[in-house]
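Every chain is numbered from 1 and lettered A, B, ... according to where its sequence line falls, protein lines coming before strand lines.
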Amino acid sequence: MATFQTVKGFRDFYPEDCVLRNYIFDVWRRVARRYALSEYEAPIVEFTDLYRKKSGDEITGQLFCFEDKKGREISLRPEVTPSLARMATARQRHYGKPMKWFQIGSCFRYEEPQKGRTREFNQFNADIIGDAAASADAELIALAIDVMLEFGMSKEDFVIRLSDRRLWTHFLEEIHIGVEKTPAFLQIIDRMEKVPESVTADKLQALGITLDQVKAFMSSASESHPVFAPLQENLSARGLWTYVKVDPGIVRGLAYYTGTVFEVFDLKHGLRAVAGGGRYDNLCGLLGGNDLPCTGFAMGDVVLGEMLKQTPHAQMAITDFMLKSFALDAYIIVADESVRHHALASVQALRSAGVRTDYGFNPQKVGKQFQAAEDKKARYAVLFGSEYPQVEVKDLTARTQKPMKADELSGFILEQIQRPALGPLIA
RNA sequence: GUGGCCGUAGUUCAACGGUAGAGCCCCAGAUUGUGAUUCUGGUUGUUGCGGGUUCGAGUCCCGUCGGUCACCCCA
């Protein structure tokens with residue numbers, strides 16, 4: 001029994017977990033590059049003020065914050081967007097617009113762990129900086145859809161819920177409600193589908209708004225509302241509008257979104273949002289730079305992982321990736337210890353040639369060594385015995401065996417592993 | 001920050017307040033140069049941690065840490 005436990009909400013990644021993580025990163029990175037995004041990275045810690053500026057003092061309750069040895073207030077990053085805004089502001093004249101950037105890395109939030117939520121998690125961030133047009137928003141929504149498709153999800157598994165903050169700011173203007181009430185109002189809208197109507201009505205009443213006003217507005221803000229027209233036109237042209245459902249109730253948490261907001265929503269398992277994002281044109285200015293139009297979204301690995309586990313088609317792709325990750329091309333069997341040095345020479349030669357090769361460090365019975373080759377999912381077992389320099393090469397999937405010279409090994413195996421395996425193993 | 005449930009071997013789980021166990025895994029042998037199956041034998045524990053009640057605590061009580069689920073929140 002281990003004496004130490006992990007710090008609350010943090011995860012160990014054993015090899016099989018690490019493969020899943022790598023698979024997720026792989027898909028994120030692959031699709032992002034397909035969209036011509038450039039990868040960047042930011043520090044894992046920032047001054048706590050960076051997050052206060054963006055979200056207000058109350059946010060520190062959810063931050064992993066501490067003082068460094070000189071008493072400076074530091075936080076583990078709870079998200080990457082503020083760092084991105086800081087970086088973009090600092091070199092805004094250096095990069096041509098629009099800047100299309102993505103990032104993959106861990107973030108930290110000091111909250112109670114529960115389903116789909118840990119204190120440390122990995123996030124994929126995709127952002128377009130310096131383009132205020134809806135076509136930039138559309139590009140990112142398309143990217144989000146393609147990421148989900150790449151994971152093996154289909155239209156039955158997820159939907160993009162789309163809204164626009166401007167709907168609500170116009171609404172509030174029309175009914176003459178002050179701007180200062182916007183955050184409180186948006187939070188009520190955000191909670192609407194979860195709390196009883198009477199509660200919503202009471203909360204709205206406190207702001208001087210009636211539930212009927214809100215309901216009437218929501219039914220008028222349909223897909224045909226002009227604010228969605230550019231997005232609809234753009235995504236329809238790509239054949240992707242079918243993945244989108246307009247839902248004015250989506251407002252996405254805190255107050256800094258200024259236009260388009262959307263989330264990737266799981267349709268089958270009642271999970272929280274897999275990804276979320278939108279346009280935030282004021283953030284750079286808020287952090288002290290010039291205003292830069294920005295739009296972006298983030299996708300976390302925790303809810304996504306839950307969804308992948310529960311979606312059979314996605315699970316198959318993961319299994320395939322795991323087999324490929326762990327599989328060996330060759331396993332060297334030493335049947336006669338007097339030729340071990342020759343076996344080691346061949347191991348080295350195979351590895352230099354790019355063949356994934358393993359062998360047992362210590363003398364062992366031949367049967368055990370074959371079993372080890374099998375357990376390690378090797379495509380070929382190569383037996384080194386007293387006949388050296390002749391060796392036996394056995395195809396472990398086809399169960400066929402043939403002799404050859406040791407110096408022919410690399411060439412033979414390299415040529416063979418270009419072809420698909422005959423048996424059930426995926427090499 | 002709040003609350004429910006949970007914490008026993010590597011793992012999945014048993015054990016009325018009375019000697020801590022089983023399956024699987026792992027190791028060895030049957031089988032000294034070929035993967036399966038089977039059989040035989042074997043290793044494995046501060047019962048998360050710390051207190052308390054009791055003649056006696058894995059079991060009951062308190063605290064704490066971790067897991068899990070929900071609330072809060074969700075950038």
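For the pair Arg119(A) CZ and G1(B) P, the computed distance is 7 Å after rounding to whole Å. In this structure, Ile250(A) places its CD1 atom 13 Å from C1' of C74(B), rounding to the nearest Å. Leu186(A) has its CG atom 15 Å from the P atom of C73(B), to the nearest Å. In this structure, CG of Asp336(A) is placed 14 Å from P of U34(B), rounded to the nearest angstrom. Rounded to whole angstrom, the span from the CD1 atom of Ile188(A) across to the P atom of C74(B) amounts to 13 Å. A straight line from CG of Asp395(A) to C1' of U34(B) spans 14 Å, rounded to a whole angstrom. One interatomic measurement links the two molecules: CZ of Phe265(A) to C1' of C74(B), which rounds to 14 Å at whole-angstrom precision. When rounded to the nearest whole Å, the span between CZ of Phe297(A) and C1' of A75(B) equals 15 Å.
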Shorter than 3.5 Å, N or O on both sides, protein versus nucleotides 41-44 of chain B: list them out with atom names.
none

For nucleotides 26-29 of chain B, list the nitrogen or oxygen atoms of the protein found under 3.5 Å from its nitrogen or oxygen atoms, one pair per line.
from   : atom 1 : to        : atom 2 : distance (Å)
G29(B) : OP1    : Lys365(A) : NZ     : 3.3

Would you tabulate the nitrogen or oxygen pairs shorter than 3.5 Å linking the protein to nucleotides 4-7 of chain B?
from  : atom 1 : to      : atom 2 : distance (Å)
G7(B) : N2     : Gln5(A) : NE2    : 3.4

Check: protein-nucleotides 68-72 of chain B nitrogen or oxygen pairs below 3.5 Å:
from   : atom 1 : to        : atom 2 : distance (Å)
C69(B) : OP2    : Lys115(A) : N      : 3.0
A70(B) : OP2    : Lys115(A) : N      : 3.4
C72(B) : OP1    : Arg191(A) : NH2    : 3.1
C72(B) : N4     : Gln114(A) : NE2    : 2.8
C72(B) : N4     : Arg117(A) : NH2    : 2.6

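A gap of 12 Å separates the P atoms of C39(B) and C25(B), to the nearest Å. Nucleotides U47(B) and C60(B), compared at atom C1', are 16 Å apart to the nearest Å. Taking atom P on both nucleotides, A28(B) is separated from A22(B) by 22 Å, rounded to a whole Å. Separating the P atom of U46(B) from that of U53(B) is a span of 26 Å, rounded to the nearest Å. With both ends at atom C1', the span from A15(B) to G45(B) equals 15 Å, rounded to whole Å. One C1' atom belongs to C24(B), the other to C69(B), and the distance between them is 29 Å to the nearest Å. Taking atom P on both nucleotides, U34(B) is separated from U40(B) by 24 Å, rounded to a whole Å. Spacing between G66(B) and G17(B) at atom P, rounded to whole Å, works out to 30 Å.
A28(B) and U40(B) make up a base pair, with Watson-Crick or G-U wobble contacts both under 3.5 Å. Within the shown strands, C71(B) is the pairing partner of G1(B) under the Watson-Crick or G-U definition, both distances less than 3.5 Å. Across all strands shown, U34(B) remains unpaired; no Watson-Crick or G-U wobble contact has both distances below 3.5 Å. The partner of G7(B) is C65(B), judged by Watson-Crick or G-U wobble contacts that both fall below 3.5 Å. Using Watson-Crick or G-U wobble geometry with both donor-acceptor distances under 3.5 Å, A14(B) finds no partner in any strand shown. In this structure, U53(B) makes no Watson-Crick or G-U wobble pair, since no nucleotide meets both defining distances under 3.5 angstrom. Across all strands shown, nothing is found opposite U46(B) as a Watson-Crick or G-U wobble partner with both distances under 3.5 Å.
Here the rule is side chain to side chain contact (heavy atoms under 4.5 Å, CB included) with Arg161(A), and of Val246(A), Asp247(A), Val264(A) only Asp247(A) fits it.
Taking the ring axis of Phe13(A) as reference, the NZ or CZ atom of Arg21(A) stays within 45° of it and closer than 6.0 Å to the ring centre. For the pair Lys268(A) and Phe158(A), the cation-pi criterion (under 6.0 Å, within 45° of the ring axis) is not fulfilled. At least one test fails for Arg72(A) against the ring of Phe47(A): distance under 6.0 Å to the centre or angle within 45° of the axis.
Within the 4.0 angstrom heavy-atom criterion, no nucleotide atom of any strand lies near Ile333(A).
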Show your working on ring pair (Phe, Tyr, Trp, His ring centres under 6.0 Å) between Phe64(A) and Phe10(A) and close with a plain yes or no.
CA-CA 12 Å; Phe64(A) 254 105; Phe10(A) 285 73; 5.6 Å; yes
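A donor-acceptor pair is defined here as one N or O able to donate and one able to accept, closer than 3.5 Å; such a pair exists between the side chain of Gln369(A) and the backbone of Val334(A). At distances below 3.5 Å, at least one donor-acceptor pair connects side-chain atoms of Thr258(A) with backbone N or O atoms of Asp281(A). At distances below 3.5 Å, at least one donor-acceptor pair connects side-chain atoms of Asp68(A) with backbone N or O atoms of Gly71(A).
Side-chain to base pairing of Thr6(A) with G67(B): no donor and acceptor N or O lie closer than 3.5 Å to each other. With hydrogens and angles ignored, a donor-acceptor pair closer than 3.5 Å exists between the side chain of Gln401(A) and the base of U34(B).
Atom CD1 of Ile129(A) is separated from atom CG of Leu292(A) by 7.0 Å, given to the nearest 0.5 angstrom. Residue Leu172(A) holds its CG atom at 5.5 Å from CD1 of Ile209(A), rounded to the nearest 0.5 Å.
With sequence neighbours excluded, the residues satisfying salt bridge (Lys or Arg N to Asp or Glu O under 4.0 Å) with Glu41(A) are Arg77(A).
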Solution key, residues 399-412 of chain A side-chain donor-acceptor pairs under 3.5 Å, sequence neighbours excluded:
from      : atom 1 : to        : atom 2 : distance (Å)
Gln401(A) : NE2    : Glu392(A) : OE1    : 3.0
Glu408(A) : OE1    : Lys405(A) : N      : 3.2

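The six-membered or imidazole ring of Trp101(A) lies near that of Tyr95(A), with a centre-to-centre distance under 6.0 Å.
Smallest separation of non-hydrogen atoms from Ala221(A) and Pro248(A): O-CG, 3.4 Å. When every heavy atom of Pro113(A) is checked against every heavy atom of Arg119(A), the shortest pair comes out as CD-NE, 4.2 Å.
Looking at which nucleotide of RNA chain B each of Lys394(A) and Thr81(A) is closest to, the 5′-most match is held by Lys394(A).
A side-chain donor from one of Asn125(A) and Gln123(A) sits under 3.5 Å from a side-chain acceptor of the other.
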